[in-house]
2 protein chains.
Amino acid sequence: MPSQELVRSLTDEHVLRALMHHRRLTRAELAAEIGISKPTAGESVRRLADRGLVADTGERTTGGRGRGRVGSYYSLAPAVGVALATVIAPEGVVVECLDVYGDTVARAIRRINRPTHGSQAAAALTAAAAEALASAGQPARLAVVSAADPVDRATGRLVHLPDSPFLLGELDPVAVLAPQAGGPVIVDNDVNWAAHAERDAARDFAYLFLGEGLGCAVVSDGEVRRGHSGLTGEIAHVLTLGPGGRAVRFIEVFGELGLRRDGSTAIDVERLLGGDAATRAAIGQAVGGVVAAVVAFADPLEIVVGGSWGPALIDSIRAATARMPRRAAIRPARLTSEPVLAGVRAEALSRLRSAITAKD
Amino acid sequence: MPSQELVRSLTDEHVLRALMHHRRLTRAELAAEIGISKPTAGESVRRLADRGLVADTGERTTGGRGRGRVGSYYSLAPAVGVALATVIAPEGVVVECLDVYGDTVARAIRRINRPTHGSQAAAALTAAAAEALASAGQPARLAVVSAADPVDRATGRLVHLPDSPFLLGELDPVAVLAPQAGGPVIVDNDVNWAAHAERDAARDFAYLFLGEGLGCAVVSDGEVRRGHSGLTGEIAHVLTLGPGGRAVRFIEVFGELGLRRDGSTAIDVERLLGGDAATRAAIGQAVGGVVAAVVAFADPLEIVVGGSWGPALIDSIRAATARMPRRAAIRPARLTSEPVLAGVRAEALSRLRSAITAKD
DNA sequence: CCATTCTAGTCAGGGCCCTTGTCTAGAGAA
DNA sequence: TTCTCTAGACAAGGGCCCTGACTAGAATGG
């Protein structure tokens with residue numbers, strides 16, 4: 001019987017998924033919801049209870065909907081575990097424990113004093129994860145991590161690219177979190193997660209991040225595309241229209257305009273936002289060249305502009321792109337508060353649910 | 001029994017797939033190959049024969065492998081049909097009928113006298129398809145079409161972009177072929193299909209097409225990505241490094257070097273290939289800028305260079321990209337003879353097989 | 001030349017999973 | 001107290017597949 005028990009596992013999967021969305025159901029409600037018979041629903045619940053995935057909540061239907069025999073409510077057991085949603089930024093780290101319903105059941109924060117020194121971030125990460133897990137009281141099943149630096153797709157390590165700020169320093173989030181994650185550790189950079197959170201808008205779009213650093217995420221056919229080594233969207237070296245009509249690398253435009261912080265590769269956002277009309281036009285031109293490239297290579301329905309100064313200069317960008325032969329709608333990012341965390345949460349929830357239903 | 005017959009359809013699917021790869025098998029061989037019992041294999045064959053998908057070939061095992069009772073060979077019936085693999089180029093159209101084994105069972109060619117006049121191409125297409133289908137003697141199930149112009153993803157129609165040669169003219173391959181295709185008509189441009197054919201090399205790469213026209217295909221996570229409207233890879237307007245260090249649109253570089261054909265937007269390949277060292281270096285610089293952009297937005301493992309003059313200038317391109325902060329391996333295209341047709345054939349075969357196994 | 005050997009295909013019996021239909025338990029309504 | 005209504009359990013049955021035994025029929029080999 002090679003594929004006979006497949007149908008049984010399918011039934012169990014349906015039951016788990018129904019409980020994820022309705023939190024608690026009686027066996028009769030499960031049968032009606034899924035479209036299976038009551039005996040089948042009962043058997044499935046028994047199996048899942050034996051495996052520790054489902055438990056009788058102790059609640060009874062009495063007092064709810066009229067007469068009839070009382071029913072027992074079942075729900076997912078705490079043993080199904082939580083997912084760690086983690087954001088590592090230069091200011092500090094956030095670790096949240098998400099349960100299977102998407103609720104944040106615990107949260108811990110640690111500040112980092114010396115960024116660009118990986119061991120600081122690693123220590124903060126371990127401590128925050130320990131605190132959050134202790135507070136949640138449930139086992140972790142996996143971790144989804146955002147880091148404010150380019151991430152190597154194969155290893156999950158942060159990589160230092162020339163001319164790009166290296167905010168967090170040498171850090172291997174997979175190695176740091178593996179002991180606490182209880183499963184896979186998925187790492188990607190913050191821009192990609194922010195794009196992930198705006199994914200419902202379109203199946204093909206680009207997210208242009210314009211802040212202290214420069215980044216871009218490409219969403220194609222509904223998924224964030226990372227490329228071979230995970231460096232899709234590292235746009236510092238794209239050739240664009242610089243001052244005087246010269247072809248200049250994108251990041252160098254800001255140097256030539258005197259908008260890079262001294263002794264750093266980061267952009268001085270304050271000075272940039274206080275710039276005059278000519279400066280804003282020059283920046284708009286430069287961004288326009290990048291837009292032309294992303295239009296050519298990603299053909300997005302729209303271009304979402306985020307970051308600390310991108311939305312403020314959106315008119316200059318629109319003006320620069322208005323004359324281009326091919327255009328794409330340019331709009332500011334929709335999510336303004338914690339877009340990165342929103343994307344990380346969404347992925348953590350989706351993966352946690354898959355891990356539970358797919359398991360064995 | 002909501003999902004009970006799922007396992008039966010799975011069995012049938014396995015049988016069909018086994019027959020696609022082995023062409024003819026006895027029921028006992030099917031059972032051994034798939035890992036099911038002989039009675040189950042026999043039942044499945046009976047069902048599929050009733051549906052007309054499988055037929056006794058009349059061949060018997062006698063004379064082959066020693067003693068024992070003779071077995072009956074079964075194979076897929078001709079009624080499973082063929083896929084139309086179609087290439088539309090300015091010179092003419094090719095229509096091939098591919099059977100489920102990937103063999104070309106019929107082929108028809110029509111020349112086109114007046115390109116850029118869509119009705120000519122449409123007539124040639126209809127005639128070639130009719131000839132090929134008559135010769136094949138099997139019903140068509142779907143068509144996969146390559147066109148040497150940008151293709152609108154939503155409609156399958158050819159689109160005219162500014163500064164890009166419009167070789168075939170207004171043409172709606174879906175409408176033209178629908179009556180003969182017997183199913184869906186999938187249309188994409190030639191560069192994407194050529195990239196499709198090189199897909200086994202890597203899951204993330206870019207295919208740079210440098211010929212009379214300029215194009216690029218982006219393969220990400222193993223699939224050719226088309227973008228929202230299907231115009232991914234239309235690189236004529238990417239800003240790059242032009243003569244004198246100015247930021248120039250890619251296509252304009254060729255105009256400034258005097259390499260565009262008079263009265264047309266096409267590149268004069270002969271003159272280009274006869275150019276001096278300075279010209280080749282200038283072209284290499286310009287292509288290098290495009291490479292920088294594709295590296296930033298697609299992060300390919302390698303960049304495959306094809307087209308009529310691309311491979312010939314690969315050293316100039318490599319020299320221009322050698323100094324770039326981020327690099328990707330650049331290599332000439334592997335498939336040189338009919339890469340487009342190879343990609344179209346591969347997709348047609350894959351879709352034909354899916355259509356047969358998924359049906360009902 | 002005939003018994004042996006070996007394989008393709010069929011038949012019978014049984015297990016698994018689900019379904020329908022019936023029955024029991026037990027709470028609210030009359 | 002009796003009726004009504006629902007959650008859940010139990011029994012019977014059907015679909016699909018498997019194992020094991022059986023039949024048919026050709027080549028081998030003494």
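Quantities reported herein were computed from a predicted structural model and do not represent experimental measurements. Lettering follows sequence order; numbering is per chain, from 1.
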Nucleotide [N], atom [atom2] - distance to [atom1] of [X] in whole Å:
{"X": "B:E43", "N": "D:dC18", "atom1": "CD", "atom2": "C1'", "answer": "12 Å"}
{"X": "A:R8", "N": "D:dC17", "atom1": "CZ", "atom2": "C1'", "answer": "15 Å"}
{"X": "B:E29", "N": "C:dT7", "atom1": "CD", "atom2": "C1'", "answer": "11 Å"}
{"X": "A:L6", "N": "D:dC16", "atom1": "CG", "atom2": "C1'", "answer": "13 Å"}
{"X": "B:L30", "N": "C:dT10", "atom1": "CG", "atom2": "P", "answer": "13 Å"}
{"X": "A:Y73", "N": "D:dT6", "atom1": "OH", "atom2": "P", "answer": "14 Å"}
{"X": "B:H14", "N": "D:dC18", "atom1": "NE2", "atom2": "P", "answer": "12 Å"}
{"X": "A:D12", "N": "C:dC16", "atom1": "CG", "atom2": "P", "answer": "16 Å"}

Any donor-acceptor pair under 3.5 Å linking the side chain of [X] with the backbone of [Y]?
{"X": "B:S354", "Y": "B:S350", "value": "yes"}
{"X": "B:E347", "Y": "B:V344", "value": "no"}
{"X": "B:D103", "Y": "B:V105", "value": "no"}

Counting only side-chain heavy atoms from C-beta out, which of C:dT19, C:dA8, D:dG8 sits nearest to A:I36?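 Output: C:dT19.
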
Below the 4.0 Å mark, does [N] have OP1 or OP2 next to a side-chain nitrogen or oxygen of [X]?
{"X": "B:S37", "N": "D:dT19", "result": "no"}
{"X": "A:T11", "N": "C:dC18", "result": "yes"}
{"X": "A:T26", "N": "D:dG8", "result": "yes"}
{"X": "A:T40", "N": "C:dT19", "result": "yes"}

Below 3.5 Å between N/O atoms, which protein atoms pair up with nucleotides 9-12 of chain D? Just atom names and distances, please.
unit_1, atom_1, unit_2, atom_2, d
D:dA9, OP1, A:R27, NH1, 3.4
D:dA9, OP2, A:R27, NH1, 3.3

Do A:R141 and A:D99 meet the salt-bridge criterion of a basic N to acidic O distance under 4.0 Å?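 No salt bridge links A:D99 with A:R141.
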
Electrostatic pair A:R225:A:D188 at N-O distance under 4.0 angstrom: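 Looking at A:D188 together with A:R225, the answer is no, because their closest N to O distance does not fall below 4.0 Å.
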
Qualifying residues under salt bridge (Lys or Arg N to Asp or Glu O under 4.0 Å), relative to B:E96, sequence neighbours excluded: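 Only B:R107, B:R345 meet the salt bridge (Lys or Arg N to Asp or Glu O under 4.0 Å) criterion with B:E96.
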
Tell me every residue that passes salt bridge (Lys or Arg N to Asp or Glu O under 4.0 Å) with A:R17, counting only those two or more places apart in sequence or in another chain.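 For A:R17 the salt bridge (Lys or Arg N to Asp or Glu O under 4.0 Å) partners, ignoring immediate neighbours, are A:E13.
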
